[in-house]
Each structure stands twice: as structure tokens, then as C-alpha cells.
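Here the structure is laid out as C-alpha cells; the discussion comes afterwards.
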Amino acid sequence: MLRTDDIVASIRRQIDDFQPPPLRADLGSVRHVGDGIAYADGLSGAMAGEMVQFSDGTYGMILNLETHQVGIIILGDGGHIEEGDSVRGTGRVIDVPVGEALLGRVVNALGQPVDGKGPIRADEHYPVERTAPGIVQRTNVDTPVQSGLKVVDAVIPIGRGQRELIIGDRQTGKTTIAVDTILNQKGKDLVCIYVAIGQKQANIAHVVATLEEYGALAHTIVVKASASDPAAVQYLAPYAGCAMGEYFMDRGMDALVVYDDLLKHAWAYRELSLLLRRPPGREAFPGDIFYLHSRLLERAARLNEENGGGSLTALPIVETQEGDISAYIPTNIISITDGQLYLESDLFYSGIRPAVNPGLSVSRVGGDAQTPAMRQVAGRLRLELAQFRELSAFAQFGSELDVATRAQLDRGLRLTELLKQGQHQTMALEDQILVLYAGIHGYLDDVAAERVRRFESSLLEFARSSHPELMGILSTGDRLTEEVESKIRAAIDDFKAIGIY
């Protein structure tokens, strides 16, 4: 029979004989800290991009590898880090949680929630820096991203897997186009990630509130790196958002990521590079500033069926100064992307909104990223708008215009009016096809320009109530047969006969 004294003695012997297994840790000490940068020595096994942890619990990322020390960007406040503090290598590159658990949440650049809705239980983590898919893994971009904006879907279409730059001066509606595209995915199969880089807290809160108001937050992840966050966090944010989108692409799904905006991202990287004493180049940017964005944007792709068939579409935003699209960072990103939506201040202030300039905007995917029906309608539309721009410039000289030229100008004026669209008022595919068909086939020629918007809304209301079967056919996006076109013409004729516009 065991006695209590025997049990106690046995436990004591086990405690005395216990030898803890040796733990290997890469430890170093801080030599210098300031301005969000720390230099440390002793981290003999350090890797570029490795996550490290300071003694106060703050995380950092190794960005510089030097002979006797490493340069670390501090991912947090860093106010309590002092010279002599210990720093520990984690042995893993910096990563973020990914998965469906992040949908509907606002997170920081490390994937930590900042919306007060509790912790995020993600099953997987992805490194923020990943190699872009190779050319063999990709396939053609041939499926549209329906933005719900007539001027985009018809004139400068965006395809799944494309990289389309949104560029223009401040306060011209760049963010609105990106947000409207996210709003238009409600109830569809496109997951969205909105990355705010260097934006005001109030602006980010407004975007989140808009997404919530229109029911789009449920399919969206918001990655927040505001102007008040350290430059290191702003630098990391777009890579984190891209990794979150790649999770869905790897599973055969379609994702859209918006980077708002990459000019502020370049500024943050310039600040870090100068603090790390890297040699400055043009406009004090470091020599690898092009690679900064190319390695990010090249991760957007449409994968072939052997690799799951998923896609990641990128909508980078860049702010210009005084409309100068030939500046350093804009030209870098233009050369990386597959086209750009150029927004003009003059158009915006003259009431043309979205203020997209069709002449300077381009999509290098073109009609491949449109449904067959939209391609039929949009081909004529692009031609009409191009002729209108050319004739408008000629008409400014005050020359006498013949009847045909005047008719062409009048139609172009009405088509321009037709492409106007209110903020957050996205349109379904069938609605766009119907109104654009009416515009390019002359049904608006006898409508006063100031009544075009009224004509549009009344026509759509009439078609939904009186011709629902036609709208159902148009919603498929299939090629318009002669029979379908005759039904469209009959519906518009019926509407014009009533004259309720």
C-alpha cells in the first residue's frame, strides 16, 4: 500500500532529476533605435523579411542585412524599445491570417482585427511576400469584372485577373470607382479586398460605412494602414491584402484587391529606405522602387484549369499632381499594369461623373473582358465617342458645320450624357445593354440633352415592368440575335410611343 510520504518523495526525485530540453533561439540586442527603425546585432541566423520580436512584445521585420547588424522596421508604436533591449528571431517570414473568417472585418497590416468585433479565428496563414504565378500557370483574361459603371464596362472593360490602374488628381472620384465596383459584387462570386494606404482615418471610416450601408461588407476584407500608422505598416499593407486575395485564388475562386493608393505606398517605402541609409536615386526614391510595385502587381493573375482556375484582379490607385501622368511613380505603374482609367479634374468639375477620359484611358484586354452582348454594343459606342472628340476639337474653331457633322456632334453629346452615373448607383448588365443600345441606334437623337438621364430611368422602369422576359434574356450577356434586337427595338418604340419622359 502506497503511503503519502512515498508519493511525495517520488515526485521530489522526479523534479530534482528533471533536465529541460535545450531551446534554440536566435537572440540579439538593440544597438540603435529611432524613427521606427531599429538596428540590432547578434541575430546570426537572420533572414530578409523575417519577423522578429522585441522584449516588450512589439514585432518588427528585417529589411536590411548588413555585415555586423540588421536593420529592422518596427511594426507598431516602438516607443518602449530602448538601446540594449533583447530582440528574438522567430525563424519565419512575416505572414498574415487568411481565409473566409476575415470577410466582413477591418484588419491592420498584420491581419489583426481593429473593428472591435472580437478575435479572428483563421485556420491558415500566408506569407506576405510570395512569388507571382509563372506564365505556364496563367491563362487568358476572358471573364468580365462587372463594375456596374457604364463607361467602364462598355468603353474600358476590366477582366478577372487583370491589373487596371485608376489614376487622376485628388478629389476626382478614384476611390468612388473602386468602391462602386465592390458594391456591384453584392450577391455575386467575387471576393473583394480594400487596402487603405496612408488615408485619413475619417476617409477609411466613410468607406467602411458605405460598404456596410449597401450590404457589401459581407464579401469584403478591409486592410487599414492609415496616415497615422507608422511607415512600416503602410509599406506592409498592400502585400498583406494581396496574400489574403491569393488564398481565394488558390482555391479556384475569384478575388479583387484595391490598393488605395500606391503613391503613398511609395512614399512610405522611401521614408523607410532613407532611414535605413539606402542610397537615394531619382526624387530620393531607392533604386528598387520599380520592383516594389512590380512584385506586388505581378501577383494578380488568372490561373488555368490545371491550377484551379481562380483569379486575382488588381485595381491600383495612383494620385497625380496637376494631371501629370508622366511623373516618376505613375509612369512606373502604368508600365506594369494592363491599362488605366484616367480621371480628369476638368471633366469632374464640368459635371461629367465618373470623370473618365475615354481618350487617355485604355484597357489592354479590351473586348475579351466583355460579354458578347456588351461587346456588340460597345464597339459602336467607342467609335461614336472617338468621332465626337475629334469633331468637338474641330468645331471649336467656329467653322460652319454641315448637317451630318452637326448630327454627329449632337449624338456624341447625348452619349456623353448617357454615360453619366451617380455615386454608388451601379447598374445591372441588362440595364446597361438596353440603354446603350438605345443611345447608339439613334433613339436619343430627338431627346433634349438635359432630359437624357430622365429618359434612361423611365425606359428602364418601363422595360422591367412591361418586358421582363427581354431583361432576362439580356441579363445572360449572350450575343444579340436579330430576334432579340427586334424585341429591344419594339420595347423602345413602345416606350417612346407613351412619351412619359
* Sub-3.5 Å donor-acceptor pair from the side chain of Thr58 to the main-chain atoms of Gly78, do we have one? -> no

* **Ser311 side chain to Asp254 side chain, donor-acceptor N/O pair below 3.5 angstrom** => yes

* Asked: Just by modelled atom types, is the Pro157 backbone N or O under 3.5 Å from a matching donor or acceptor in the Ser363 side chain?
  -> yes

* Do Leu343 and Ile166 touch side chain to side chain, with heavy atoms closer than 4.5 Å? -> yes

* Might you work through the side chain to side chain contact (heavy atoms under 4.5 Å, CB included) test for Ile177 and Ser147, ending with a clear yes or no? => CA-CA 8 Å; Ile177 286 182; Ser147 69; over 6 Å; no

* Structure fact -> So the salt bridge (charged side-chain N to carboxylate O under 4.0 Å, His left out) pairs with at least one residue in residues 141-151 (sequence neighbours excluded) are Asp142-Arg302, Lys150-Glu456

* Asked: Are Glu319 and Gln321 side-chain neighbours, meaning at least one heavy-atom pair lies under 4.5 Å?
  -> yes

* Does one side chain, of Ser29 or Asp41, offer a donor that lies under 3.5 Å from an acceptor on the other? -> yes

* is_close_aromatic(Tyr239, His265), centroid dist under 6.0 Å -> yes

* To do: Any chance you could measure Glu100, atom CD, to Phe248, atom CZ, to the nearest 0.5 Å?
  => 5.5 Å

* **Flag, side chain of Ser361 to backbone of Tyr342, donor-acceptor distance under 3.5 Å** => yes

* What pair of heavy atoms forms the shortest contact from Glu344 to Asn357, and how long is it? -> OE2-ND2, 2.9 Å

* Side-chain heavy-atom pair His206, Thr175 within 4.5 angstrom cut-off -> no

* To do: Taking Gln199 for its side chain and Lys224 for its backbone only, find out whether a donor-acceptor pair lies under 3.5 Å.
  => no

* Asked: Quick one: does Val33's side chain get under 4.5 Å of Asp85's, heavy atoms only?
  -> no

* **Between Arg278 and Asn64: side-chain donor-acceptor atoms closer than 3.5 Å** => yes

* For the residue pair Pro316 and Leu297, establish whether any side-chain heavy-atom pair is separated by less than 4.5 Å. => yes

* To do: Please tell me if the side chains of Glu82 and Val30 come closer than 4.5 Å, counting only heavy atoms from C-beta onward.
  => no

* Asked: Any salt bridge between Asp338 and Arg364, counting N to O under 4.0 Å?
  -> no

* Evaluate the criterion side chain to side chain contact (heavy atoms under 4.5 Å, CB included) for residue pair Tyr235 and Ile197; output intermediate values, then yes/no. => CA-CA 8 Å; Tyr235 158 73; Ile197 311 161; over 6 Å; no

* **Glu124 atom CD: more than 12 heavy-atom contacts under 6.0 Å** => yes

* Asked: Which heavy atom of Ala314 sits nearest a heavy atom of Ala300, and at what distance?
  -> CB-CB, 3.9 Å

* Asked: With Gln370, which residues qualify under side-chain hydrogen bond (donor to acceptor under 3.5 Å, both in side chains), at least two apart?
  -> none

* Is the Lys NZ or Arg CZ of Arg251 less than 6.0 Å from the centre of Tyr247's six-membered ring, within 45° of the axis? -> yes

* May I ask you to say whether Arg295 pairs ionically with Glu129, meaning some side-chain N is under 4.0 Å from a carboxylate O? => yes

* **Asp169 vs Phe348 side-chain heavy atoms within contact, under 4.5 Å** => no

* Over all heavy atoms of both residues, which pair between Gln421 and Gln425 is shortest? Give the atoms and the distance, please. => NE2-O, 2.8 Å

* **Side-chain donor or acceptor of Gln234 paired with backbone N/O of Asp229 under 3.5 Å** => yes

* Which heavy-atom pair separates Ala109 from Val96 by the least distance, and what is that distance? -> O-CG1, 3.4 Å

* **Main-chain N/O of Lys264 paired to Asp261 side chain as donor or acceptor, under 3.5 Å** => yes

* Is a side-chain donor-acceptor pair under 3.5 Å present for Asp180 with Thr426? -> no

* What are the two closest non-hydrogen atoms of Ala46 and Val70, and how far apart are they? -> CB-CG1, 4.0 Å

* Asked: Is there a side-chain contact between His293 and Asn332 (heavy atoms, below 4.5 Å)?
  -> no

